[in-house]
Structure formats: C-alpha cells, structure tokens
> 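Below you'll find the structure I mean.
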Amino acid sequence: MRFRGKIVEYNYIQQFAKLILTLSKLSRTCVMRLTESKVYFVLSDRVSTGGTAIWCEIPQVNLFEEYAMDGYSPEDNEILLEITTELMSSAVRSLLVGAGQSAKNCKLKLTKKQTPCLTIDIELPSSVTDQSRHIVHDVPVSVIPRRLWSDFAEHDPPQFHATCYLPPIKTLQGGSIAFGMINPSSQGVLDKMKNISSYLVLELNRRGDMELKMETDSAVIVTHFRHLDVPTWNDSPGGLCSPDRDPNEYATVKVDIRKVLHFLSSQQLNPMKVVCNIVEDKLVHFFLIHQDMTLQYFLPAVVS
C-alpha cells in the first residue's frame, strides 16, 4: 500500500491543522480512511453503550494539490490507518504559525520505519536565508486489516424526529444565570449549568424552537431559542421520520452536559452552519457544515 499527498494552498493547510487539533480534543485515537476520491477521519465508539462517534469527510481535491494512493487491492482500493491524535496534533502545530512564517506546503506520506508511519514534512520559509527549512515528523500508525473495515464504513444519517440549525457556537457557550433567568449574550451558560446538574435536556420541535433544560430537586432552568432556521432534507439520506408529526411537538433527549461542552469547546473549524438533529430519547446528531468538509458527531442519550 502506498500514499502520498501535498497540501499547498494556505487556507487548506490551516484547515487541515485545525481539523487535527479538533479531533485531538475529542478523542485519543481515530482512523484515517483514504480512498481515491475522499479522505475520512472516523471515531467509531459504540453509541449503544454510551460512546460517541465522529465522522469527518473531505473530498481529496478540496485539500490536496497532489494526491496518490494504492490501497489494499484494485478491488478494495482503500487504506485505513489508526492514528494517535495527540502525536498528530503535535506534528501539525507548526502549520499554525503567524502569517509571516506560514508554511509553504505540507507533505504526507505513508512510510515504513521500524513501524508504519505517516511522515509529515512541513516546508517553512527561513527568517535568515533564502533557503527553506523543513520540519519532519514520523507519526506511528497502525494499518487496519481488511477484516475490520466494516467497523469504519460510512453510515447514513439517522432518521430523526426534529432538526434545526444551531445558534452560533459562541452563543451556546456564552450566557449567565441571574434570578433564575439565563442571558445567552454573556459568557459561561453551559459551563455554569454543568455545576447545577450533570445532565442537559435538549428539546426541539419542527418549527425551530429549541429549549436547553436542567432539572434539580429544587429548580428547573431553561434557555429558550425561538424561530431557528430549519434545514430541508428532501433528497438526503436520513431525514425526518413520522412526517405527520405535530410540528409544535417537542422531541426530547437527555445527554451528558460535559460531553456537549467538550464538543463545543473543541471546535477549531469555524463551520458555516451546525445542524442539530434529535432522535427522541436516543441520541443527538450534530452536523458541522464547512465549505470544504463535513463533520458529524453522534452523542447518545443518557438512560435515566
């Protein structure tokens, strides 16, 4: 198996580095899946037993100036690599230097050292001479055997009961609690809410009304968002189930607030929009839409 790629465009270099940093905050390891047309990053914990799942998809032409790969076989022309995200993030941090020191390019290559490695070669301009300098990292990887590929196969989005575009992430992270009311314009709403309860109840209807609720023995605290935009899923996989459902009826799911905070605080990608889908009493599905990629995050419900 062989793989090499070269990222040249400044925005794509920054996007790649920010993606790796985001993944490193969400999981200790993930799988990088390489195909002829796309690159995927996959975390596939078992949602049914309380684990989260991540699915990131990037058309390779949206990232690489040069891209070549030979997979397992002509029939199964893919490569799946398990990577340690902390090592990967350490390797790409130098891509995020100031504009005056921005990388000229970033090369990735599957190599064989004492163990299989993803070699990352970053070319930076020199501040002293006209010669470029190179920073090279050999990140150890594990090649996923063919018999395990099904664990990392693409799945259609779930059939859900309600959907909306989220308010800006900073709005959800921000806010204050005073006299039992929540002001979403200041800082720390969810961070303060986690000190009240370990669980967050999300309620969403088909008119774009969303409520974030925390319940204790002595109080119920709710943040209301009204008239959020609602995406259209006409010809997309997944989509709304029960089309005759009352649009004013709320779908409800109870989740671990720390996992929601972890997801929101990890974001480095500045997505154009974030879709929130709720499968009632089962999971929350966040769908981050970026100009050049999509990232999905599946957060299972907490069983009361």
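Position 1 is the first residue of the sequence; numbering continues from there.
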> Does the pair Glu86/Lys25 count as a salt bridge with the N-to-O cut at 4.0 Å?
no
> Mark yes or no for whether Asn277, through its side chain, and Thr163, through its backbone, hold a donor-acceptor pair below 3.5 Å.
no
> OH of Tyr12 to CG of Asp292: how many Å apart, nearest 0.5 Å?
5.0 Å
> Can I get a per-line list of side-chain donor-acceptor pairs under 3.5 Å for residues 28-38, giving both atom names and the distance, sequence neighbours left out?
residue, atom, partner, partner atom, Å
Arg33, NE, Glu78, OE1, 2.9
Arg33, NH2, Glu78, OE2, 3.1
Thr35, OG1, Ser37, N, 3.4
Thr35, OG1, Lys38, N, 3.0
Thr35, OG1, Lys38, O, 2.9
Lys38, NZ, Glu57, OE2, 2.5

> Return the minimal non-hydrogen interatomic distance between Pro125 and Ser102, and the atom names on each side.
CD-O, 3.3 Å
> Taking CZ in Arg2 as the centre, count heavy atoms belonging to other residues, nucleotides or ligands within less than 6.0 Å. Is the count above 12?
no
> With side-chain contact (heavy atoms from CB on, under 4.5 Å) as the criterion, how do Phe16 and Leu108 come out once you've worked through the C-alpha distance, each side chain's angles and the decisive distance to 0.1 Å?
CA-CA 12 Å; Phe16 174 69; Leu108 287 78; 3.8 Å; yes
> Would you please name every residue forming a ring pair (Phe, Tyr, Trp, His ring centres under 6.0 Å) with His285, sequence neighbours left out?
Phe287, Phe298
> Distance check, rounded to the nearest 0.5 Å: Ile144 atom CD1 versus Arg147 atom CZ?
10.0 Å
> Rounded to the nearest 0.5 Å, what's the gap from OH on Tyr199 to CZ on Arg258? Could you check?
9.0 Å
> Does Phe64 have any ring pair (Phe, Tyr, Trp, His ring centres under 6.0 Å) partners at least two apart in sequence or in another chain, and if so, which?
Tyr67
> So for atom NE2, which belongs to His227, do other residues, nucleotides or ligands contribute more than 12 heavy atoms lying within a distance under 6.0 Å?
no
> Tell me, do Ile289 and Pro271 make a side-chain contact under 4.5 Å, heavy atoms counted?
no
> Could you tell me which non-hydrogen atom of Ser132 sits nearest to which non-hydrogen atom of Glu123, and how far apart they are?
OG-OE2, 2.9 Å
> Please round to the nearest 0.5 Å and tell me the distance separating atom CG of Leu23 and atom CZ of Phe41.
6.5 Å
> When rounded to the nearest 0.5 angstrom, what is the spacing between CG in Leu19 and CD in Gln14?
13.0 Å
> Take atom CD in Glu9; do more than 12 heavy atoms of anything else shown fall under 6.0 Å from it?
yes
> Considering only residues two or more places apart or on different chains, which pairs with a residue in residues 240-274 satisfy ring pair (Phe, Tyr, Trp, His ring centres under 6.0 Å)?
Phe263-Phe286, Phe263-Tyr297
> Please round to the nearest 0.5 Å and tell me the distance separating atom CD of Glu203 and atom NZ of Lys213.
3.5 Å
> What residues form a side-chain hydrogen bond (donor to acceptor under 3.5 Å, both in side chains) with Ser27, not counting sequence neighbours?
none
> Tell me every residue that passes ring pair (Phe, Tyr, Trp, His ring centres under 6.0 Å) with Tyr72, counting only those two or more places apart in sequence or in another chain.
Trp149
